[in-house]
Amino acid sequence: MRGGPRLWGLMAEFRTPQELVDAAARARAEGYRRMDAYSPFPMEALSEALDLPASKVPRLVLVGGTLGALAGFALQYWVSVIAYPLDVGGKPYNSWPAFIPVVFECTILCAGLFAVLGMLALNGLPMPYHPVFNAPRFALASRDRYFLCIEARDRKFDRQATRRFLEGLRPSEVAEVAA
Amino acid sequence: MTERTLPGRPPIIGPGYTSGTVTDKISEVVLKRTPRWWYVGFGLSLILVLLFFYAVAYLFTKGVGIWGVNVPVGWGWDITNFVWWIGIGHAGTLISAILLLLRQPWRNSINRFAEAMTLFAVACASTYPILHLGRPWVFYWLMPYPNSLGIWPQFRSPLVWDVFAVSTYATISLLFWFVGLIPDLATLRDRAAGKTAKVVYGILAMGWRGSARHWHNYESAYVMLAGLATFLVVSVHSVVSFDFASGLLPGWHTTVFPPYFVAGAIYSGFAMVLTLAIPLRAAFGLQDFITARHLQNMAKVMLATGLIVGYGYLIEIFLAWYSNDPYEKYMVVNRVMGPYAFQYWALIACNIVSPQFLWLRRVRSSTAALFVLSIVVNIGMWLERYVIIVTSLHRDFLPSSWGTYSGTIWDYATFIGTIGLFLALMFLFIRFLPAISIFEMRTILPEARSVEEGGP
Amino acid sequence: MSDDPRDESSSARPHGRQFWRSLAELEGSPGVEEGRGDEFPPQASEWPDGLDRRRFLQLAGASLALAGLQGCTRQPVESIVPYVRQPEEIVPGRPLFYATVMTLGGYGHGLLVESHEGRPTKIEGNPSHPASLGSTDAYAQAAILGLYDPDRSQLLTELRGVSIWKDFVAALQARLKAQEALDGEGIRILTETVTSPTLVDQIRAVLDRFPKARWHQWEPVTRDAVRLASRAAFGRILETRYDLRSADVIVALDADFVTAGPGAVRRARDFADRRRVRGDGSGMCRLYAIESAPTAAGTLADHRLAVRAGAVPIVAAALARELGVPGATGAALALEGSQARFVRAVAADLLARPGRCVVIPGEYAPAAVHVLAHAINHRLDASGATVVQTEPVEPEPIDQASSLRELVEALRAGRVDLLAIVGGNPVHTAPADLRFAEAMLRAPFRFHLATEEDETSDYCQWHVPEAHFLEAWSDARAFDGTASIAQPLIEPLYGGRSAHEVLAAFLEETPRPGLAIVQESWRSRLPAAGFEASWRRSLHDGVIEGTALPALTPAHRADSVREAVGSIRPPGEEAIELVLRPDPSVFDGRFANNGWLQELPRPLSKLTWDNVAYVSPAMARRLGVASGDVVEVQASGAAARLPVWVLPGHPDGSVTAHLGYGRRRIGRVGTGVGVDLYPLRDAVSPWLVEAAVTRTGERTDLASTQEHFLMEGRHPVRRGTLAELRANPGFVAEMEERPAREESFYPPHSYPGRAWGLAVDLSVCTGCNACVIACQAENNIPVVGKDQVRRGREMHWLRIDRYYEGPEEDPAVHNMPVMCMHCEQAPCEVVCPVGATNHSSEGLNDMVYNRCVGTRYCSNNCPYKVRRFNFLQYSDERTPVLKLGRNPDVTVRSRGVMEKCTYCVQRINGARIEAEKEGRPVRDGEVTTACQQACPTQAIVFGDINDRQSRVALWRSEPTHYGLLEELNTRPRTTYLAKLSNPSDDLERG
Amino acid sequence: MSQIFHRSTNTLSRVTIYAAVFLAAGLLFVAAALDRSPYNTRQDVVLKQPVPFSHRHHVAGLGLDCRYCHSSVETSAFAGMPSTTTCMNCHKQIWSDSPMLEPVRSSARTGTPIRWTRVHDLPDFVYFNHSIHVAKGIGCVSCHGRVDEMPLMRQAQPLQMEWCLGCHRHPEEQVRPRDAVFSQTWQAGDQASLGPILVREHRIRGARDLTSCSTCHR
């Protein structure tokens with residue numbers, strides 16, 4: 001991060017989701033990259049406007065599921081064939097068909113854990129403190145207001161120019177966000 | 001999400017709502033002062049919880065002999081209740097997962113407390129596998145952990161499958177529920193007045209900001225979970241049904257069990273959702289969010305699953321005849337005309353006959369009728385499990401070892417106790433967490449739709 | 001004393017006695033302290049050193065014994081207590097076996113008793129004893145529990161106050177002094193039937209000293225009819241015994257000869273040897289049963305004729321006439337229809353095999369039937385062949401009923417000054433019309449020697465605790481006269497005295513101990529030269545050589561028949577008869593406090609904890625009652641209300657009920673169980689009285705272990721006739737499909753080494769229950785009580801299923817012992833979540849109690865329902881004395897765990913370890929399961945099925961061999977030989 | 001809107017999540033350790049005895065054979081404990097007035113047995129048989145340790161099921177020549193090669209037999 005005044009970024013507030021989507025698109029077209037949009041509900045359009053890369057969560061889930069399956073079978077095989085082989089109802093030690101349900105459950109379990117923990121990790125959560133909370137009216141982001149924040153870290157960021165650009169998007173208000 | 005409203009169909013949300021008003025209406029339920037009726041209800045359910053603890057304490061001091069179980073009928077109310085509760089859980093997962101994947105926006109107003117119901121039902125269910133043990137204090141032997149005995153669980157046993165299935169189910173449901181809650185917790189964090197409330201909700205919200213990047217991963221993870229949970233819905237009750245299907249008793253040893261247990265589970269689950277939703281919307285005046293439309297849709301699902309269950313019953317009888325196995329054939333005869341014939345016909349009346357009324361729109365659109373029906377079906381599904389377990393066990397292969405079974409006062413007490421436990425948890429939930437998913441309600445508002453439809 | 005059982009068994013004391021006294025204290029009996037001072041020292045010095053081994057042994061049962069499953073808790077610190085002086089016979093941890101003899105109805109049954117560090121734990125039959133040949137009945141098996149019964153009387157009392165032996169002897173001898181002048185005419189001794197030579201010597205000695213004294217005998221299960229008939233037929237009382245080894249045709253006249261009467265176990269064995277079908281079944285005998293109440297013999301019979309007990313004499317006479325027995329004539333003997341045909345067929349069959357057939361009259365049949373039987377057997381040249389007459393086994397055979405009446409008259413007349421009741425419980429068992437109890441109060445000095453404080457003790461000033469037969473020296477003779485010495489396995493737990501010691505008090509200033517008395521009496525009998533050697537041999541073998549009675553050939557009095565026929569009174573058609581019988585479990589009531597026997601499912605009804613009125617279905621309908629409804633039965637001026645049990649095959653117009661219940665005073669187990677029927681008894685005709693039956697409208701809950709009696713078109717019991725077998729040897733296998741071995745999803749496990757298996761021959765199972773109790777004793781199986789049985793929670797590892805087939809008036813009855821099948825593809829194992837049950841390398845279906853968590857899934861999934869679950873804490877962990885009787889090699893199960901038949905794995909392991917140590921394979925027959933060992937008919941065989949030559953393997957290769965529910969592909973290791981019968985063609989065709 | 005939380009809570013919140021994971025793992029580990037600890041197994045714990053009997057003195061010092069006192073070890077499941085008379089055989093003369101031996105003398109006088117404290121104590125549902133182990137060439141040392149080096153007796157091994165199984169699965173690691181069974185000092189030159197040979201010679205059954213549940217539990 002560069003020095004200069006302790007500023008996180010400039011935040012524009014919009015009344016409707018459409019305004020935000022357009023604004024985001026415009027800002028990106030303008031060349032701004034380090035920015036984020038805040039809305040009370042998910043909007044695919046917004047992700048597209050910001051041109052976010054495809055989420056990594058699905059890949060994590062695949063990994064988790066695979067690990068779970070392997071671990072599940074490995075455990076059962078080791079227990080029933082290697083650790084303490086016992087003749088149970090005349091079935092072979094490795095009666096794999098009987099092991100399938102547990103393998104399945106382990107798969108689901110690990111996949112699920114990876115999905116959730118992965119999502120949190122990718123979103124950098126938990127993060128109870130974040131500069132954007134300094135924005136005065138940001139609480140409304142979880143109600144019915146839509147925010148676009150261009151961060152000071154952005155190469156193209158310039159206190160005045162950026163403010164002017166944002167006001168050009170006809171927001172209800174533009175506020176500075178302390179870092 | 002697209003949603004075309006056909007003429008004559010009530011809408012899935014009352015007119016004139018905006019993101020703001022939806023947010024206020026739902027969150028105020030949590031944030032405003034506690035209504036008196038809540039204390040009454042919660043108090044009553046607490047009394048039942050005490051009854052539960054009393055029954056369990058006596059059970060642990062004397063042994064399972066205080067119940068009605070015997071040889072040949074080694075399982076009775078205990079496992080019946082287990083299966084019943086697990087079944088109820090399924091609606092929650094189905095609504096939140098499958099309907100999500102099927103893009104059924106009407107689910108958005110009921111999935112939250114349906115999921116809660118799932119969790120609490122599973123909690124109640126999971127007490128029975130432990131309580132029914134002869135030596136409950138060593139229940140942990142069913143789990144694989146390194147021990148100085150050098151001995152492990154027996155993975156060919158359906159009961160071990162249960163342990164994994166149920167615990168997985170509980171975990172995934174919990175995660176799903178919590179993930180769904182995060183944005184709403186953020187909302188509560190931002191709207192709570194008191195400092196403590198702010199902090200508590202703040203910690204739980206984990207610093208959710210509703211940023212596009214959050215939503216981006218969030219949506220992806222949510223869909224993933226939905227996908228996994230869908231597998232679970234199908235698998236968990238299948239595994240539970242293996243407890244019976246993989247036994248060799250006539251009446252248990254049948255391949256039709258997994259599908260028809262799943263259908264039955266969803267059937268009873270939706271019945272329970274109705275049983276809870278109808279009073280809930282009245283209590284909090286949420287008729288605009290849980291509209292007649294929701295009730296009707298659920299009624300239709302019940303009708304459909306009810307028919308599948310009926311098909312299951314028929315197939316059971318058909319297979320018994322078709323297999324030409326004397327034991328199977330006798331089992332059917334005994335079910336229909338034996339000592340437990342009353343329970344059998346009662347369950348037929350509850351599960352097969354009563355839902356037929358749902359063909360009538362008049363019934364589907366009558367809240368009272370639906371409420372009554374939902375309770376009837378819940379009773380019917382309990383009886384179904386009772387009949388499957390008891391009638392199959394009490395007369396199996398050797399006539400010499402035939403016996404009879406009936407529950408004791410302690411069986412009843414334990415069951416009623418778990419119902420109390422369930423209600424108590426439910427009361428806590430509706431009091432401290434948003435019973436309807438706020439952010440998902442926002443997505444079905446016109447303003448949200450406009451973006452998605454008009455968007456690039 | 002702490003609850004830790006090891007503490008009990010290891011409690012350090014110099015002599016067993018003291019230890020026991022401390023137990024008595026535990027039992028909370030007041031005033032043991034007073035007893036101590038005098039009672040103990042003489043006793044202690046009594047025992048010669050050689051007998052150390054019988055001292056109760058302090059060595060810790062610790063690691064060896066007892067105690068339930070402590071599960072996962074941390075073990076308490078335990079102690080280990082060695083001997084002070086190690087007795088050379090004892091190797092701690094290895095059981096010893098001692099031969100002794102048990103009497104029932106006076107007759108001896110030879111036993112071998114297993115003893116662990118001085119604690120007798122299990123009773124087996126004595127293979128070298130003629131009455132046993134290694135087998136026992138249920139009573140003998142259960143006697144071990146009787147020994148440790150905490151309710152046995154533990155105090156010598158005077159007027160209910162605690163007293164001591166010395167004072168009693170003093171008081172008694174004071175009385176005797178007074179009698180000396182009167183030649184003891186005021187002295188009356190009342191005993192049960194006595195065959196003990198020593199005891200008879202003593203009594204005779206008393207009678208010599210007091211010439212006018214009298215000795216009376218009263219055995220409630222009276223054999224007066226047998227004696228009278230013998231006198232009628234031969235002029236004097238002789239012993240009649242039957243040798244069934246050479247009998248091709250057997251006719252039972254109301255005779256349950258395989259389970260009732262002296263030598264029953266032996267008769268059952270001989271009979272079974274002629275019933276086991278091997279190959280084409282040549283040599284299989286044929287049995288006709290003419291009986292009233294269904295009996296074990298009836299279930300085995302090839303042809304059964306159900307008639308009222310009152311009509312049995314007529315049928316017998318008709319048979320005699322048919323056989324041309326001189327004197328058997330008279331219009332009364334005309335039989336109609338089926339009965340006539342039956343009798344004709346039987347007669348034909350008998351006449352076809354003179355000398356190789358026998359007619360057996362029932363123990364409880366009237367004298368006339370016995371007389372006729374004697375005549376018929378005489379006519380058929382059976383005497384000397386299948387029927388053997390010898391001198392009586394009882395030294396003093398008398399008509400006991402009249403003997404007792406005589407005593408009562410003497411009492412009434414006030415001529416009795418000293419009434420000595422040595423054993424028995426006459427107040428409870430004497431015929432009601434004698435009103436014995438009130439009469440005996442007329443005797444100023446009354447004492448009672450008995451193992452329990454019972455009804456009679458209440459009427460005596462003095463009660464002397466009697467030593468259990470495993471605690472005292474004595475002797476007894478078997479049905480064939482063979483004498484055995486009864487040697488104690490343990491010092492009297494509660495300071496009991498034997499009859500010998502009490503009689504000695506009549507003769508000696510300071511009565512000698514039992515050993516001295518018995519030894520002396522045999523010193524006079526055995527050759528003086530080498531007495532010690534022959535004495536030791538007799539103790540070791542359990543039989544005294546050359547004491548069996550030789551056969552006689554007495555002249556048969558032909559006119560006895562005419563008298564008998566003359567005495568027959570045809571029963572009125574309308575009259576209802578009450579048939580009384582000793583109970584198959586509590587006998588005459590003496591075993592009423594034995595939990596094992598009380599909970600033993602009675603043959604046929606499978607009832608526990610009750611006696612009932614057995615009636616035929618038709619009669620039940622007439623009375624408008626069902627099983628469990630209470631009726632009032634009036635007879636001999638008394639009435640009893642008891643529940644009805646509808647018994648198919650029971651004759652109409654007849655009610656059968658069992659004696660021995662309704663004990664007013666005996667112990668925590670037996671008091672108040674069932675209804676006392678002695679008041680309905682009549683001294684003249686003790687087993688059969690006219691009765692009136694009325695329904696009361698009340699109902700009671702009966703605890704039966706089997707609710708359903710039909711086979712429902714299934715084939716649990718496969719049966720057929722010899723003819724069918726010869727026509728088609730495969731007919732048994734064809735009844736159900738037997739899945740091929742390779743018909744399995746998985747490759748089967750291999751059992752390269754030993755593969756244990758057990759087989760049951762249904763043709764010879766009498767359903768006598770000996771195996772059930774043997775199993776209970778061997779495996780520490782708890783008693784659960786009536787309520788739990790009613791809930792379907794009985795714990796027997798081995799049950800005997802009973803099925804009916806055919807018309808309810810006369811159905812075929814099948815007994816089927818069912819224990820764990822040890823399936824090679826066991827459904828129970830697969831479903832256990834913790835692997836608490838799984839297969840051993842030798843194919844045992846192991847059940848690991850300490851691993852079991854109690855899901856009960858295994859039981860649910862067991863198609864044979866042979867698993868038993870401890871729903872509550874069933875095994876008594878509190879009563880110390882009970883712990884001593886337990887088998888230290890078998891874990892005592894605690895609440896919440898599953899259990900089941902293990903094929904007596906403790907015996908298998910024991911044998912295997914011995915074999916391994918000697919570096920040899922386990923021999924066939926080296927391992928015998930408890931049930932196999934007890935079985936009187938040897939219907940059970942156990943061994944290694946991989947060993948082609950083993951008996952079990954041979955049985956399994958029989959054409960009649962089949963597996964129960966084998967169509968389920970469980971591959972049971974326990975299998976069965978189908979039940980075959982040998983019906984006669986003319987009756988079949990007719 | 002004002003911040004609810006301080007900056008530091010970000011790190012804090014993440015740390016707590018990971019910490020929770022480690023905490024759970026730690027607890028499990030502790031439980032497992034406790035289960036195998038001397039507190040539970042009483043391994044190497046010296047228990048109080050009425051007489052401070054020294055195996056070192058009697059075995060190493062005087063060279064007594066195990067079987068002199070534990071006389072039934074070859075014939076019975078139970079190894080046998082010396083009766084008081086056995087002790088007095090020698091202690092009539094030696095140390096005949098040592099105060100330490102008073103309990104023994106009084107036992108001989110009064111006939112009251114000595115109450116020793118069990119050192120090797122298996123659960124009651126485990127059926128261990130000394131004679132077969134001796135017969136198959138398992139040395140006393142394998143389970144009881146070098147008693148000739150124990151002034152006071154203590155339990156040398158954990159005696160837990162997994163420990164028993166170890167030997168039942170691999171007897172070759174413990175088996176010795178039959179004549180060396182009672183030797184405290186015997187050392188195999190090369191157990192690895194000797195073991196399998198002895199296993200064959202002594203006809204020791206395979207692991208599947210020896211790990212069948214009913215081998216030890218009935």
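Sequence lines set the chain letters: A, B, ... in the order given, protein chains first and strands last, and positions in each chain run from 1.
Ranking C:Glu914, C:Arg912, C:Glu842 against chain D, the residue ahead of the rest is C:Arg912, based on heavy-atom pairs under 4.5 Å. Most heavy-atom pairs under 4.5 Å with chain D, from the set C:Asn838, C:Asn909, C:Val91, C:Thr902: that is C:Asn909. Chain D forms the most heavy-atom pairs under 4.5 Å with one residue out of C:Thr837, C:Val905, C:Asp846, C:Val848, and that residue is C:Asp846. The candidate with the highest count of non-hydrogen atom pairs below 4.5 Å against chain C, out of D:Val119, D:Ile114, D:Val134, D:Leu47, is D:Ile114. Of the listed residues (C:Met847, C:Glu916, C:Gln906), the one with the most heavy-atom contacts under 4.5 Å to chain D is C:Glu916.
Close approach to chain C, defined as a heavy atom under 4.5 Å from one of its heavy atoms, is seen in D:Arg208, D:Asp209, D:Ser212, D:Cys213, D:Ser214, D:Thr215, D:His217, D:Arg218 of residues 207-218 of chain D, taken by number. Contact annotation for residues 179-198 of chain D against chain C (heavy-atom separation below 4.5 Å): no residues qualify.
The distance between the ring centers of C:His749 and C:His839 does not fall below 6.0 angstrom. Between D:Tyr68 and D:His58, the ring center distance fails the sub-6.0 Å criterion.
Without hydrogens or angle criteria, C:Thr974 side chain to C:Cys820 main chain gives a donor-acceptor distance under 3.5 Å.
For C:Arg851, no part sits under 4.5 Å from any heavy atom of chain D, backbone or side chain.
Residue D:Pro50 comes nearest to D:Pro103 through the heavy atom pair O-CG, 3.9 Å, listed as atom of the first residue, atom of the second, then distance.
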*May I have the step-by-step check of salt bridge (charged side-chain N to carboxylate O under 4.0 Å, His left out) for C:Arg973 and C:Glu824, ending in yes or no?*
CA-CA 7 Å; C:Arg973 281 281 181 89; C:Glu824 285 180 11; 2.8 Å; yes
